[in-house]
Amino acid sequence: MWLCAQTSLGRSAEAWPTAREAVDALLFRAGYNTAIVVAGTTLLGIAAGIVGVFGLLRKRALMADALAHATLPGIGLVFIIAAGLGVEGRSLPVLLTGAAATGVLGVLCVQWILRRTRLHEDAAIGIVLSVFFGVGVVLLSYIQTMKGGNQGGIKAFIYGQTAAMSLGDVALMAGLALAAVAAAGLLFKEFALVAFNDAFAKVGGWPVTLIDLLMMALVVLVTVAGLQAVGLILVVSMLIIPPVAARFWTDRLRTLVILAAIIGGLSGYFGSVVSSLFPRKPAGSVIVLTSGALFMLSMLMAPSRGVVAAAWRRGSQRFRIAGDHVVEAAYEAGGRLALADKERFGVARGWSGVFREMTLARLRAKGLLTRRAGEVALTDRGREEGARIHRNHRLWEQYLISHADVAPSHVDWSVDQVVHVLSEELVASLEAELAAKGVAISVNSDAAGVHPGVGGRA
Amino acid sequence: MTVAYHHKPVLWDVDYDAPANALVAIVGPNGAGKSTLIKACLDLVPRASGLVEFWGSPYRRVRGRVGYVPQRESVDWDFPVSALDVVCMGRYHKIGWCRPVSRAHKRAGMECLARVGMLPLADRQISQLSGGQQQRVFLARALAQEADLYFMDEPFAGVDAATERAIVEVLRELKRGGKTVICVHHDLQTVAEYFDHVMLINMRVVAAGPVGEVFTRENLHKTYGGRLTLLAEAAEAVARAGGGGG
């Protein structure tokens, strides 16, 4: 890739900015131009985050990637045609028009392939994306050999370079981004309807194809607007990463859109600030790294959908079940349980020493049992708890035997998985149902130590 | 009417006139074209030939009067909306383009949720509902459409007893209100109890009419037996080929 080689060669002599310069850039004080560029890119990030939510929910996220890559031949073609006509080819609106034209053509190609062949979307996107990009690279290499072809500006479209943007460029980018935000706000309800259930929308008389086209038009707007700042390779990340990161935090569409806008805005902001401090650093990569970091944070830390929260829930569930086993075993053993008692403390056979100690420590902290040398003894509260677990256990066993036709010998293993998650309502309805069937529930209230399970049937 | 996928007809020569103010079941084996029939009526799949009319008009003229309950599996339930949000989607055509859902429409949505016994779960995200509850949300959304004719695609599929009761209650209420419901149904045992009319199909209409006249052993055998006969023939052919070769 000659493009990579060239861009990385150019930046050996770049000095680090001072802390003061960094703060100035962050606070919009690094000169009028920089401030405008930062504001424009932030707005672009916001627009991309919002539009991206609908693209993602419509499951069209990768279509935007095909679109972005397919803009390159458009840029090249327009440049060549303009140069041939003797017009200044680097006029941004002209270049972006060309970009949008081939970008849309790329999307149409994907849809045509999907309709006419048995190929799946991933394959169709892969083909269109690479072929269009390949054509673009060929055109660029031709431009490079042209006389007076100032291809330096063209290359910025691939990796993005906010620092090189003129005020007019920024105004155009911000205008497109604003238009996309406004349209997404107006069509919020329509986009949600089509993304959730297009067949229902169609039956209700909504022009689904038109709404899809409008959604795609917004993607085109954001993509084309972001070409110069972010570059066509990475612009799709602005449409995908913020919504996906935001999805970890909320189950509400409105909140999702707002969070995606914030994450997208922050990424655009940091990306352009860093790009202004290191004038030749591609802003696109910094924007992606920022949103990528926010994504990692969301994935790990989000309260209910996050990885850490899920692991925590699984872990505490394991401890709770283990604790239930110990309390029940101690209850059935008459309140005391020797840790060496292989028969009654058999549940602990597979446990590691650390896990056993932590389980017992947790029960002690909850005041359910006390511990003396080699044995544990239930407190009064521990006995109550043991009785409750024991009863649920028997109830569920009886239910499985009498209602679900589970053979008595097979009951215990399926019991263990369910009995620890029974809610009080469920226990009540179990009791009612068993009583209605006339099944007597025998629960050993004196806990004689016989495992009553099946033998308890009347 | 004939419907074809990729030039292969899946539904032949359906000629049926649904009675007004009735509960109609569409019954037939898997692959008989039950869902396809509904979708073809609603212009969701193209028809190879034929004409569907509602009260004498083509479908696009009467959209506001037709409600739809799609199959539950047809959507992604991890979508970030609440039960009430989904029900309000049934009122979007009344709200119109680019305008937000007003309080009055939300109230109407809540009433529809109440009619299917889902009021306490209005704020719940839809992935946190059970299958039966999700089905009731879809039903409530159709109610919110305030239509005169409802198409329902397998509303009883895989639901719990409470949901089944709630749906039956709603169907009867709709009938009392003068509405018509056309329902793809898979449970032969409840056809006579829940529906007035039945349409037995297996790639073509085997029989259609009032349940008492049409829902007979013979007609069921014709509907479900055809496939068996075909299978039996295929099995014979396989056996013959195997016998010749071995």
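Residue numbers begin at 1 in each chain, while the letters A, B, ... track the order of the sequences.
- Neither the backbone nor the side chain of B:D153 comes within contact range of chain A; no heavy atoms are under 4.5 Å apart.
- A distance of 12.5 Å separates NZ in A:K189 from CZ in B:R91, rounded to the nearest 0.5 Å.
- Taken from NE2 in B:H93 to CG in A:L193, the straight-line distance is 11.0 Å, to the nearest 0.5 Å.
- When each of A:T255, A:D198, A:L256, A:L57 is checked for heavy-atom pairs under 4.5 Å with chain B, A:L57 comes out on top.
- Chain A forms the most heavy-atom pairs under 4.5 Å with one residue out of B:S74, B:P80, B:G64, and that residue is B:P80.
- Note that OG of A:S304 and CD of B:Q128 are 7.5 Å apart. Values are rounded to the nearest 0.5 Å.
- Interatomic distance, CG of A:N197 versus CZ of B:R141, reported as 4.5 Å (0.5 Å rounding).
- Within the 4.5 Å cutoff, the side chain of A:W206 has heavy atoms near those of the B:W97 side chain.
- Between the side chain of A:E190 and the backbone N or O of B:C98, at least one donor-acceptor pair lies under 3.5 Å.
- Of the two parts of A:A201, neither the backbone nor the side chain holds a non-hydrogen atom closer than 4.5 Å to a non-hydrogen atom of chain B.
- Of the atoms belonging to A:I211, it is side-chain heavy atoms, and not backbone ones, that fall under 4.5 Å from chain B.
- One finds the CG atom of A:L186 at 12.5 Å from the CZ atom of B:R99 (value rounded to the nearest 0.5 Å).
- Side chains of B:L44 and A:V203 form a contact here, defined as non-hydrogen atoms less than 4.5 Å apart.
- Ring pair B:F138/A:F196 is perpendicular by interplanar angle, where above 60° counts as perpendicular and below 30° as parallel.
- The shortest non-hydrogen separation linking A:A192 to B:F79 is O-CZ, 3.8 Å.
- The environment of A:D122 atom CG is dense: over 12 non-hydrogen atoms of other residues, nucleotides or ligands sit within 6.0 angstrom.
- Heavy-atom neighbours of A:R305 CZ from other residues, nucleotides or ligands within 6.0 Å: above the threshold of 12.
- Taken to the nearest 0.5 Å, the CG atom of A:D251 stands 10.0 Å off from the OG atom of B:S82.
- Between B:Q145 and A:F200, the closest side-chain pair of non-hydrogen atoms falls below 4.5 Å.
- Residues A:R254 and B:V81 are not in side-chain contact: their nearest non-hydrogen atoms beyond the backbone lie 4.5 Å or more apart.
- B:V86 touches chain A through its side chain: at least one heavy atom from C-beta onward sits under 4.5 Å away, while N, CA, C and O do not.
- Residues B:D76 and A:K59 are paired through a salt bridge, judged by an N-O separation under 4.0 Å between the basic side chain and the carboxylate.
- Ion pair B:D78/A:R247 flagged as a salt bridge, since at least one NZ, NE, NH1 or NH2 atom sits closer than 4.0 Å to an Asp/Glu carboxylate oxygen.
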